[in-house]
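See structure below.
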Amino acid sequence: MPASLITFRLLLPVGLLFVCARILPAQTWTRANAPTPTNANWYSVTLPSGGSPLVAAVYGGGIYTSTNMGDTWQKTSALNLNWLSVAASADGSQLAAVVWNNGGIYISTNSGNTWKVTSAPGRFWVSAVSSFDGSKIFAAANATATSGGYVNGGVYKSSNAGGSWAQTSAPNLPWSALATSFDGEHLAAATYPGGIYTSTNAGVFWVKTDAPDSNYWSCVASSSDGSQLVAGIKGGGIYVSTNSGTSWMLTDAPA
């Protein structure tokens with residue numbers, strides 16, 4: 001198994017789920033009343049811009065939703081799998097979630113009440129993002145299992161809410177994180193190890209930015225119009241771009 005696969009698995013957090021009581025600024029935090037299974041690996045959380053539902057996924061567990069900002073939670077019908085990322089449309093009705101260990105991509109069209117596996121191929125999926133209406137879904141894979149071992153993964157796209165999938169022109173690399181603009185046209189993708197790539201046409205073409213190459217790019221986020229990007233290096237720093245990834249600046253955030 002390649003080193004990137006082993007390293008990524010070591011990143012799994014064990015702990016509790018917290019929510020911010022005030023959105024701006026983030027000054028007060030309270031522990032959410034989320035279920036606390038033994039050694040629960042909460043790994044991904046998303047909040048639709050409409051404000052509900054809050055969706056959280058457990059690596060090796062299930063997917064949970066809250067319609068009151070974390071006061072109470074319900075476990076959805078999603079299977080107990082190695083969930084690594086969950087994405088939502090703006091109104092929270094369309095959800096997508098990806099499974100790590102050569103798993104699949106699942107979607108829900110009713111805010112998580114029911115789930116179905118899509119036709120996406122089995123990959124070591126690490127990240128999923130959605131456009132505001134849920135019509136465009138993108139997913140990144142760290143690796144692909146083959147008969148001869150493991151090869152680097154790719155970035156995949158569905159233009160029909162998960163109905164069908166196709167690999168984009170992004171190079172086959174050990175991807176670690178994805179971000180998208182509101183309309184799904186501007187994308188940013190980080191590799192683990194490697195650099196950060198962007199697309200301004202919904203994944204048709206990709207360019208490598210001048211973000212430094214690193215073994216530990218672990219997250220990336222985007223403003224709604226795709227012009228403002230932020231990305232973090234595990235054990236390193238936080239970088240920002242104010243021009244859609246053309247140039248990057250290291251912030252004074254602690255390592």
Side-chain angles (χ1 to χ4, degrees), residues 1-17 34-35 37 39-47 54-65 75-88 94-108 112 115-130 137-145 150-158 162 165 167-168 170 172-180 187-194 196 215-222 231-234:
M1 183 176 292
S4 60
L5 287 174
I6 298 171
T7 305
F8 199 92
R9 282 181 169 174
L10 293 178
L11 290 177
L12 296 176
V14 178
L16 306 174
L17 186 64
N39 296 330
N41 291 312
W42 294 105
Y43 209 90
S44 179
V45 62
T46 188
L47 178 65
L54 187 63
V55 187
V58 177
Y59 183 92
I63 296 177
Y64 295 76
T65 59
K75 185 176 183 182
T76 72
S77 62
L79 300 173
N80 289 340
L81 297 172
N82 292 332
W83 302 106
L84 226 63
S85 179
V86 61
Q94 313 287 317
L95 303 179
V98 299
V99 180
W100 164 247
N101 53 325
N102 209 35
I105 299 177
Y106 291 71
I107 58 170
S108 171
W115 294 81
K116 66 177 182 179
V117 64
T118 71
S119 61
R123 296 288 186 267
F124 284 80
W125 299 108
V126 293
S127 186
V129 293
S130 170
I137 304 173
F138 300 87
N142 181 267
T144 300
Y150 296 89
V151 297
N152 288 332
V155 178
Y156 290 72
K157 173 184 176 181
S158 173
W165 294 84
Q167 186 171 359
T168 72
N172 288 334
L173 293 171
W175 300 102
S176 59
L178 274 177
T180 184
L187 298 166
T191 60
Y192 191 100
I196 296 177
N215 288 336
Y216 301 105
W217 286 113
S218 59
C219 58
V220 62
S222 172
I233 295 176
K234 177 180 179 287

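Reckoned from all heavy atoms, side chains included, excluding hydrogens, waters and symmetry mates. Throughout, numbering of the chain's residues begins at 1 and tracks the sequence.
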What are the two closest non-hydrogen atoms of [X] and [Y], and how far apart are they?
| X | Y | value |
| --- | --- | --- |
| Ala139 | Val98 | CB-CG1, 4.2 Å |
| Trp175 | Ala189 | CZ3-CB, 3.5 Å |
| Leu178 | Ala140 | CD1-N, 3.5 Å |
| Ala87 | Val129 | CB-CA, 3.7 Å |
| Ser130 | Ala88 | CB-O, 3.8 Å |

Tyr64: which of Val86, Leu54, Val58 passes side-chain contact (heavy atoms from CB on, under 4.5 Å): Val58
Name the one of Ile107, Ile63, Leu79 that satisfies side-chain contact (heavy atoms from CB on, under 4.5 Å) with Trp115?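 Single side-chain contact (heavy atoms from CB on, under 4.5 Å) partner of Trp115 among Ile107, Ile63, Leu79: Ile63.
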Parallel, tilted or perpendicular: rings of Phe124 and Tyr150 (30°, 60°): perpendicular
Answer with yes or no after comparing the ring centroid distance for Trp83 and Tyr59 against a 6.0 Å cut-off, counting only values under it.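 So the answer is no for these two rings.
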Between atom OG of Ser176 and atom CG of Asn142, what is the distance when rounded to the nearest 0.5 Å? 7.5 Å
Does the side chain of Val99 reach to within under 4.5 Å of the side chain of Asn101, using non-hydrogen atoms?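 Sidechains of Asn101 and Val99: in contact.
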Is the shortest heavy-atom distance from the side chain of Tyr192 to the side chain of Val126 under 4.5 Å?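 Sidechains of Val126 and Tyr192: no contact.
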